[in-house]
Amino acid sequence: LTLQIASIVLHAVVFMFFSASIFFILESLGELPHVAHWMQFEGDREVVTFFSALYFCFVTFSTVGYGDILPSTVLSRLVVITLLMGGIALFSFALSEMVHVVQLNRYGRGTFIASAKAQHVIVTGTP
């Protein structure tokens with residue numbers, strides 16, 4: 001049970017770092033030359049660091065969305081939309097997997113991983 005949940009958490013963390021990396025790279029590249037005038041900006045542009053990109057992805061994917069950091073380029077906005085759809089799919093899949101694992105263990109059909117410390121196993125019940 002704990003190995004399966006740890007795997008799900010690890011996948012979520014990897015997805016978060018991947019998303020933050022993509023956001024950081026796209027914001028660092030700046031605006032594409034052919035779409036530079038498609039959107040108008042007021043004031044100074046915010047400088048995006050990797051950690052602010054990670055913060056943005058965590059806040060956005062958790063559906064909190066404070067609005068303090070926003071993607072400023074067209075390309076990063078398109079990728080954020082795509083990553084949001086992927087995040088929703090990943091969250092749905094992870095939630096269904098966690099429910100499935102809990103149900104299997106509740107009914108005694110979960111997997112058994114032998115511990116190195118275990119010297120014997122006692123199996124009781126009916127199949």
Side-chain angles (χ1 to χ4, degrees):
L1 176 68
T2 56
L3 184 63
Q4 293 165 328
I5 291 177
S7 173
I8 292 169
V9 169
L10 179 65
H11 281 90
V13 168
V14 167
F15 180 75
M16 191 68 62
F17 270 88
F18 173 77
S19 302
S21 299
I22 296 295
F23 179 71
F24 174 69
I25 289 169
L26 293 176
E27 285 293 316
S28 297
L29 288 175
E31 194 64 75
L32 296 174
H34 59 279
V35 293
H37 302 290
W38 184 66
M39 300 177 68
Q40 300 297 319
F41 298 102
E42 294 179 14
D44 293 332
R45 242 175 104 187
E46 180 179 357
V47 176
V48 176
T49 65
F50 177 75
F51 292 105
S52 64
L54 184 62
Y55 165 79
F56 167 78
C57 289
F58 184 77
V59 169
T60 302
F61 295 156
S62 65
T63 68
V64 174
Y66 294 124
D68 53 347
I69 298 176
L70 300 171
S72 59
T73 64
V74 174
L75 187 58
S76 63
R77 288 180 183 193
L78 292 173
V79 170
V80 165
I81 290 170
T82 305
L83 291 174
L84 280 171
M85 289 188 282
I88 291 169
L90 177 68
F91 176 76
S92 301
F93 175 75
L95 186 62
S96 70
E97 283 295 310
M98 289 172 64
V99 168
H100 182 68
V101 166
V102 169
Q103 286 177 342
L104 285 177
N105 285 323
R106 181 176 295 160
Y107 297 118
R109 293 187 177 92
T111 58
F112 173 74
I113 300 172
S115 171
K117 298 177 184 178
Q119 304 219 352
H120 58 277
V121 176
I122 299 173
V123 179
T124 61
T126 56

How close do [X] and [Y] get, counting heavy atoms only, and between which atoms?
X	Y	result
Val80	Phe56	CG2-CE2, 3.7 Å
Pro71	Glu27	CA-OE2, 3.4 Å
Leu26	Leu75	CD2-CD2, 3.5 Å

For a quick test of your reading: what N or O donor-acceptor pairs under 3.5 Å do the side chains of residues 88-102 make, sequence neighbours left out?
unit_1, atom_1, unit_2, atom_2, d
Ser92, OG, Ile88, O, 2.9
Ser96, OG, Ser92, O, 3.4
Ser96, OG, Phe93, O, 2.8

Item to check | Side-chain hydrophobic cluster, 4.5 Å single linkage: members besides Met85 | outcome: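 In the cluster with Met85 are Ile81.
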Item to check | Straight-line distance of Leu54 CG to Phe24 CZ, nearest 0.5 Å | outcome: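 So the CG of Leu54 and the CZ of Phe24 are separated by 11.5 Å.
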Item to check | Val79 side chain near Phe23 side chain, heavy-atom distance below 4.5 Å | outcome: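 No, every pair of side-chain atoms sits at 4.5 Å or beyond.
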Checklist entry - Are side-chain heavy atoms of Ile25 and Leu29 found at a separation under 4.5 Å? => result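 Yes; the side chains approach each other to less than 4.5 Å.
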Item to check | Shared hydrophobic cluster, Val14 / Tyr55 (ILVMFWY, side-chain heavy atoms < 4.5 Å) | outcome: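 No.
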Next on the checklist: Would a single hydrophobic cluster contain both Leu10 and Leu3, if residues Ile, Leu, Val, Met, Phe, Trp and Tyr are joined by side-chain heavy-atom contacts under 4.5 Å?
Outcome noted: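 Each belongs to a different hydrophobic cluster.
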Checklist entry - Any sub-3.5 Å donor-acceptor pair from Ser21's side-chain atoms to Phe17's backbone N or O? => result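 It does hold such a pair.
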Checklist entry - Got a sec, which residues hit side chain to side chain donor-acceptor pair (under 3.5 Å) with Ser19, two or more places apart in sequence or on another chain? => result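 Residues passing side chain to side chain donor-acceptor pair (under 3.5 Å) with Ser19: none at all.
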